[in-house]
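It should be emphasised that the depicted structure is a prediction, and the values quoted were computed from it without experimental measurement. Order of the sequence lines fixes the chain letters, A, B, ..., with proteins taken first and strands second; residue numbering starts at 1 for each chain.
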Protein chains: 2
Amino acid sequence: MTRRMSQARGIPEATVARLPLYLRALNGMAERGVATVSSEDLAVAAGVNSAKLRKDLSHLGSYGTRGVGYDVEYLIYQISRELGLTQDWAVAIIGVGNLGRALANYGGFVSRGFRVAALFDADPDVVGDHIAGLNVEHIDDLEAVIRRRGVSIAVIATPAAKAQQVCDRVMSAGVTSILNFAPVVLSVPDDVDVRKVDLSIELQILAFHEQRKADRMSGGPVMAEEWPEAVNLSISSDVVGSLGSVRSADPAGTGERESQ
Amino acid sequence: MTRRMSQARGIPEATVARLPLYLRALNGMAERGVATVSSEDLAVAAGVNSAKLRKDLSHLGSYGTRGVGYDVEYLIYQISRELGLTQDWAVAIIGVGNLGRALANYGGFVSRGFRVAALFDADPDVVGDHIAGLNVEHIDDLEAVIRRRGVSIAVIATPAAKAQQVCDRVMSAGVTSILNFAPVVLSVPDDVDVRKVDLSIELQILAFHEQRKADRMSGGPVMAEEWPEAVNLSISSDVVGSLGSVRSADPAGTGERESQ
DNA sequence: ATCTGTGAACGGTTTCACAGCT
DNA sequence: AGCTGTGAAACCGTTCACAGAT
């Protein structure tokens, strides 16, 4: 009874994004010899609250035991399977600059379930280098090598200007999952998944909150009246179109602040 | 009229996370000499839909002109100010391994608004190295240097095992914004913001979707009946507690483990 | 007695569609 | 005519609180 049946059609994206967190916490517990864990303990280890954790796990099926908790090894297996980690995925890294090199060498990141199968670069000086036990191939061979080695995930670590064309090429070689480190919005068809990692965006988000905290310290909830004159006119006709290719005017050399 | 007054109380987190995207698209336009842009065009450039973009911008105030669009330079200024980029933030990178080195050298990422002010490492062989124009300092001096140079954002690029203690130390030096590259959940008080970048999590999310796509190809919506026997018994009493410190029983010839 | 699994309430985010300004 | 700004609706994710299993 209570046969499988449940889960199936689609685990919420938010849940998928947390499963790796649970998996990591569970692996730590397994290493320390923990056999069973309650939703409360696992939630703490993963940094979420326990109701959320239970709901997340309930999307995979009923893998817990009421009054007891979850069997650590069993849950590890179920989550791994759900995430597709019971098979090995071949990953290609395109762009072997500082970042690409770091990624290739980042032993831990390409852990169980993933295998760096190819490295590519356009620079002839770099092609042929031996990095993390792999030869750097020339970008011209991208499609052929990707197909031959069955690469299904591409990591783009090229300069921003090359990212879209690299993206187009890996897609033409059949890749439908891309991890993008270049600071550009890639355009891809609906059947291709792109995840991006963008350092400057993360920093900017932190800066926003940092600024809020700083403001709270000093002025308290300052609001209104917080910016340079010549502002309420909004666009006011002739300003528009006058700036040409000037980069950053900084319309009042300030150093603002604001609300909150 | 229509005096400021609006916005003020908190911009939604989801909006904050997109502002850097808009900013980047706008900077590209400014460089190409575009003076005015419609919500539709900017939305396309940023990879979002135009209603969302308009709502996002409306949280900052009414900076557009009906029937016309947004003034590019003016919007750049407003978003920059909102994000706190009109001041410079001093960033410290802790851990100068492959990744830390890549981050320090990643010219583009520390762009407008950010400045790498210090590099730290625990390895005596690395301390004293000159990277991206900076001396690598010993981790023992962390608190002192952070205070002296007014660092307000710390980037943790250490091994997982050291991340929490580094986190504690930067916090004790007054840092309240952390960008964490180590694959651990940092525990911090409420007034500290942590953002994490986790390569193995991103890959696992991609693997999940990749697996779904593969499944859809072949068997169509396969469901139920997809796992090895000896499973429906769930925890079944005596299995619990029997595993002691064994690491990985591996419930089906797969080969788990994971991240880092 | 304990702890999971889940309906129901809640809060935040996205999308729709149009009123209102230029 | 064109495009922004925004209520209202739809959607998704989280939290609450408890029924139900062990």
Would you mind reading off the distance between [X] atom [atom1] and [N] atom [atom2], rounded to a whole angstrom?
X       : N      : atom1 : atom2 : value
B:Leu57 : D:dG5  : CG    : C1'   : 10 Å
B:Leu53 : D:dC3  : CG    : P     : 14 Å
A:Tyr70 : D:dA21 : OH    : P     : 16 Å

Check this for me: does any side-chain nitrogen of one of A:Asp193 and B:Arg212 sit under 4.0 Å from a carboxylate oxygen of the other?
no
Let me see the working for A:Cys167 and A:Val188 under side chain to side chain contact (heavy atoms under 4.5 Å, CB included), right down to the final yes or no.
CA-CA 8 Å; A:Cys167 173; A:Val188 300; 3.6 Å; yes
Using a 4.5 Å cut-off on heavy atoms from C-beta on, say whether the side chain of [Y] contacts that of [X].
X        : Y        : answer
A:Asp71  : A:Leu75  : no
A:Arg195 : A:Asn180 : no
A:Phe181 : A:Leu199 : no
B:Thr15  : B:Leu57  : no

B/S/- contact track for nucleotides 7-14 of chain D, protein heavy atom under 4.0 Å
BB----SS
NZ of B:Lys213: more than 12 outside heavy atoms within 6.0 angstrom?
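Counting other residues, nucleotides and ligands, NZ of B:Lys213 exceeds 12 neighbours.
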Quick one: how far along DNA chain C does chain B reach, first to last nucleotide 5' to 3', anything under 4.0 Å to a heavy atom?
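Endpoints of the contacted stretch of DNA chain C: C:dT13 to C:dT22.
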Partner set under salt bridge (charged side-chain N to carboxylate O under 4.0 Å, His left out) for B:Arg66, not counting sequence neighbours:
none
Between the base of D:dT22 and the side chain of A:Arg66, is one N or O donor paired with an acceptor at under 3.5 angstrom?
no
